[in-house]
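Here is the naming used below: chain letters follow the sequence lines, and residue numbers restart at 1 for every chain.
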Amino acid sequence: MNDDFDSDTGDDDLFSDDINHDVPFHHAGTLMELNDNKAGMADLDKEKISRIIEEASKGSKFYDHKKKQQERIDAKIADLLRKKKAITEEQLKNASAKVGQIVRNLEKSRDLSRTFVHVDMDAFYAAVEMRDDPSLRDKPMAVGGPGMLATSNYLARRFGVRAAMPGFIGQKLCPDLIIVPPNFEKYRAVNAIFSEVFAKYDPNYSAMSLDEAYLDITEFLRLDQNVRKPSDLSHAEEVVSDLREEIFLATQLTASAGIAPNTLLAKVCSDINKPNGQFYLRPERPVVAEFVEKLSVRKACGIGKVTEQMLNALGITTCAEMFEQRALLSLLFSEISALSFLRVSMGLGSTFMGDSDAPAKSVSNERTFKATSDADFLRDQCRRLCEELSEDLVRKQLQAKSVTIKLKTDTFDVKTRVRNLPEATWNADVLCRHVVPMLESEMAPKRAFRLMGVRASNLCEKSANQQSTLDAILKQPSGTERLCPVCSTSLAKLSLALVNAHLDRCLSGSQQDDVQCPICSGFFRRPEIEHHAATCEGAATSTTPSVKSAPIRKRGAAREDGFVPRDECQRKPKKQLTLSAFFDQRKSES
DNA sequence: GATACTGAG
DNA sequence: CTCTCTCAGTATC
Ligand SMILES: Nc1ccn([C@H]2C[C@H](O)[C@@H](COP(=O)(O)OP(=O)(O)OP(=O)(O)O)O2)c(=O)n1
Ligand SMILES: [Mg+2]
């Protein structure tokens with residue numbers, strides 16, 4: 001075991017200047033200039049920040065919930081420490097031997113041959129808003145609403161204003177804080193622009209969100225023949241500097257980047273010289289070892305607030321300490337967790353690109369509202385969530401075999417209930433018929449909810465085969481009226497949800513005579529529903545969103561339990577095609 | 001298999 | 001007044 005990971009690291013200061021290459025740009029008077037005013041007159045220190053936050057939240061239901069949550073974590077930690085106490089020398093010795101073997105294997109698998117870059121836009125949403133409204137540039141601002149902030153600019157961060165903080169608390173920390181509502185379409189458009197830059201450096205880049213991506217530039221470096229001025233910078237640093245410059249020229253926004261031999265390290269590195277900087281970690285084992293040694297475990301992607309607390313309780317703060325305790329950790333945590341801790345502490349990370357086109361495993365839709373126990377309101381909310389989810393499923397050409405309802409009480413306690421469906425579906429009515437009973441069994445006169453959500457999982461994709469038939473349908477001249485391919489009823493005036501409901505029912509060959517109107521929940525005979533629904537919908541959309549009372553649901557005959565006719569979405573490869581064709585049509589119209 | 005928990009952005 | 005939303009993976013029973 002003398003080949004332990006940290007056994008041969010030198011004493012050189014590997015963070016000295018010749019290794020830590022910070023490469024800022026020097027655009028005169030651009031965004032994001034932190035007037036580095038010293039012991040900030042306006043700045044708030046940590047004490048003051050937490051005091052204000054504390055005062056703003058004390059006594060609230062949210063605060064109480066957080067407290068209870070923390071108590072559960074403390075109990076878990078106490079458990080962990082008890083478990084640790086019970087471990088014998090003998091067990092530790094055995095574990096140590098086992099882990100030693102794993103360490104050797106991991107070490108053998110270490111690959112320093114590839115160059116990964118993690119690119120992360122600086123204060124992304126806020127930077128876009130500042131770019132487009134110069135009056136915001138020298139002011140503390142955040143993007144979001146009074147209830148929640150998505151991010152803040154760097155000036156606001158000095159006051160402690162951060163992402164995932166409610167806006168009203170942000171304003172207590174910083175009375176001059178300007179809160180701008182988000183423009184997601186804009187961020188998507190900006191993302192599309194700099195994504196083209198990513199693609200030039202790695203056509204296989206992997207986007208993690210609208211503002212960050214991993215690139216493997218190994219290949220690019222091999223092919224890059226650009227002649228550059230002599231400099232202290234490595235080839236990789238030059239290239240990444242170019243990349244960031246290109247992003248800036250294309251968007252007027254700055255990005256930060258980390259360059260390292262794997263994605264885990266690249267991500268950590270992108271944070272080091274943020275904003276508008278980059279950090280290069282040389283692909284040499286001792287350099288990586290030294291780097292990781294001092295690294296706080298919290299910096300590793302996957303180790304969050306809770307795990308950090310647990311590790312801290314074991315006396316582990318840095319990755320070096322985590323490596324020292326590897327045998328103990330293998331006894332206290334699951335195999336998966338222990339292995340991931342070990343990899344982090346050795347500075348090992350992924351050296352290949354994640355599947356960016358991996359199929360989705362779930363699709364969900366949830367909404368927070370004013371806490372209520374009103375049954376009609378909740379059922380109505382539930383139905384809307386199902387309808388919206390259904391549209392999403394159709395758009396993505398996915399059907400669900402399981403559906404989950406999520407409820408959050410006014411005290412912030414969350415409950416989820418799943419139900420497996422007899423047949424995969426994307427039909428809003430079907431989803432709804434399964435979800436509503438789950439909702440009802442959780443409702444109690446006393447209990448008020450502040451959030452409801454519906455999730456589709458166990459997804460199956462509609463086949464490409466079906467997709468092609470759909471294309472044929474779409475080729476119809478745009479002037480022609482859209483008819484239901486099964487019953488030939490005109491569908492021109494119906495909304496996406498209604499067309500969905502109609503087609504699904506028609507295509508399923510359902511024998512059911514009663515059809516429930518998705519708007520008013522009333523039941524109608526098949527030939528009448530389309531006309532009714534069109535008018536009903538017109539009325540509904542013109543009224544305020546918070547319609548308290550939908551008409552009472554009358555239920556004719558049998559089948560309370562949301563039973564789905566067996567052939568609802570079975571068979572009919574061809575007809576399903578038709579269905580999706582319709583939706584694509586509608587989508588391109590709107 | 002169902003539900004809760006953790007983490008990310 | 002006012003503490004998000006979506007998705008993935010893991011833990012626990
Ligand atoms: N809880 C969160 C965290 C982030 N975001 C959004 C807003 C951010 O602009 C964007 C990118 O997230 P980052 O963590 O990269 O944060 P920023 O880009 O805003 O700042 P930084 O400069 O620290 O990267 O994602 C969000 O909506 N909700
Ligand atoms: Mg960012």
Side-chain angles (χ1 to χ4, degrees), chain A residues 53 56-66 69-70 72-73 75-76 79-80 118 120-121 123-125 142-151 162-172 179 181-182 184 187 191 207-213 267 270-271 298-311 332-341 354-355 358-371 385 388-389 392 396 398 401-408 410-420 438 442 450-459:
Chain A
I53 293 177
S57 24
K58 207 170 353 185
S60 69
K61 291 184 172 176
F62 182 81
Y63 185 79
D64 291 345
H65 178 257
K66 284 291 278 228
Q69 208 172 232
Q70 184 57 48
R72 277 198 298 272
I73 294 168
K76 211 163 135 184
D79 248 32
L80 195 69
H118 180 251
D120 188 327
M121 301 299 291
F124 184 50
Y125 296 178
V143 176
M148 185 51 55
L149 302 179
T151 193
R162 302 227 123 54
M165 172 182 283
F168 72 95
I169 290 187
Q171 278 171 327
K172 297 207 161 133
I179 297 181
F184 294 106
Y187 312 144
N191 170 273
M208 302 306 290
S209 67
L210 282 183
D211 98 311
E212 70 187 79
K267 171 116 174 81
S270 70
D271 222 42
R298 184 62 171 81
K299 294 280 185 185
C301 188
I303 298 183
K305 203 164 171 287
V306 174
T307 307
E308 180 192 25
Q309 287 184 59
M310 298 201 290
L311 293 172
L332 290 179
F333 291 87
S334 72
E335 208 174 320
I336 288 174
S337 297
L339 182 62
S340 106
F341 292 155
D355 237 358
K361 304 204 166 172
S362 70
V363 180
S364 66
N365 182 18
E366 70 186 55
R367 197 148 46 226
T368 293
F369 39 79
K370 194 169 123 91
L385 288 164
E388 291 158 8
L389 181 63
D392 212 3
K396 296 175 171 155
L398 295 169
K401 292 200 283 282
S402 300
V403 58
T404 304
I405 187 175
K406 170 175 168 180
L407 294 164
K408 182 150 69 187
D410 59 348
T411 55
F412 293 88
D413 294 305
V414 174
K415 273 200 187 338
T416 62
R417 295 285 174 257
V418 211
R419 189 179 288 198
N420 294 311
M438 294 194 282
E442 295 302 325
R450 71 174 348 260
L451 169 144
M452 192 181 329
V454 182
R455 175 165 71 247
S457 56
N458 260 307
L459 302 178

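If you find the closest nucleotide of DNA chain B to A:Met208 and to A:Arg72, the one lying nearer the 5' end belongs to A:Arg72. Two residues, A:Lys361 and A:Leu451, neighbour DNA chain C, and the one matched to the more 5' nucleotide by heavy-atom proximity is A:Leu451. Residue whose closest nucleotide on DNA chain C sits further toward the 5' end, between A:Arg455 and A:Tyr63: A:Tyr63. Position along DNA chain B of the nearest nucleotide to A:Leu210 versus A:Ile73 favours A:Ile73 as the more 5'-ward residue.
Looking at heavy-atom distances under 4.0 Å, A:Lys396 makes contact with sugar-phosphate atoms alone, never a base. Among the heavy atoms of the strands lying under 4.0 Å from A:Ala300 are primed sugar atoms or P, OP1, OP2 only; no base atom is included. Using a 4.0 Å heavy-atom cutoff across all strands shown, A:Thr404 reaches no nucleic acid atom at all. Residue contacts shown for A:Ile303 are limited to sugar-phosphate atoms, with no base heavy atom under 4.0 Å away. Across all strands, A:Lys76 comes closer than 4.0 Å only to sugar-phosphate atoms, never to a base (heavy-atom distances).
How far CG of A:Asp120 is from CG of A:Asp271: 7.0 Å, rounded to the nearest 0.5 Å. Residue A:Ser364 holds its OG atom at 7.5 Å from NZ of A:Lys406, rounded to the nearest 0.5 Å. In this structure, the separation between CG on A:Leu80 and NZ on A:Lys76 is 9.0 Å, given to the nearest 0.5 Å.
Checked against C:dC5, C:dC7, C:dC3, the side chain of A:Val363 finds its nearest nucleotide in C:dC7. Closest to the side chain of A:Asn420, out of B:dA2, B:dC5, B:dA8, is B:dA2. Checking C:dC5, B:dA2, B:dG9 against every side-chain atom of A:Val418, the shortest atom distance belongs to B:dA2. When distances run from any side-chain atom of A:Pro146 to the nucleotides C:dT2, B:dC5, C:dC3, the shortest one goes to C:dT2. Nearest nucleotide to the A:Lys267 side chain, out of B:dT6, B:dG9, C:dC3: B:dG9. Between B:dA4, C:dT6, C:dA8, one nucleotide has an atom nearer to the side chain of A:Ser362 than all others, and that is C:dA8. Looking at the side chain of A:Ser337, the nearest of the listed nucleotides C:dC3, C:dA8, C:dA11 is C:dA11. With distances taken from any side-chain atom of A:Arg417 to the nucleotides B:dT3, C:dC7, B:dG9, the minimum falls on B:dT3. Of all nucleotides listed (C:dT6, B:dG7, C:dT2), B:dG7 comes nearest to the side chain of A:Lys305. Of the candidate nucleotides C:dT10, C:dC3, C:dA8, C:dA8 has the atom nearest to the side chain of A:Ala360.
Contact between the side-chain N/O atoms of A:Thr416 and the OP1/OP2 oxygens of B:dT3 is not found at any separation under 4.0 Å. The shortest distance between the side-chain N/O atoms of A:Thr307 and the OP1/OP2 oxygens of B:dG7 is below 4.0 Å.
Note: CG (A:Leu332) to C1' (C:dT10) measures 17 Å, nearest angstrom. Note: CG (A:Asp271) to P (B:dA8) measures 12 Å, nearest angstrom.
Ring orientation note: the planes of A:Tyr187 and A:Tyr125 are close to parallel, at an angle under 30° on the 30°/60° scale.
Side-chain polar atoms of A:Ser337 and A:Ser334 form a donor-acceptor pair below 3.5 angstrom.
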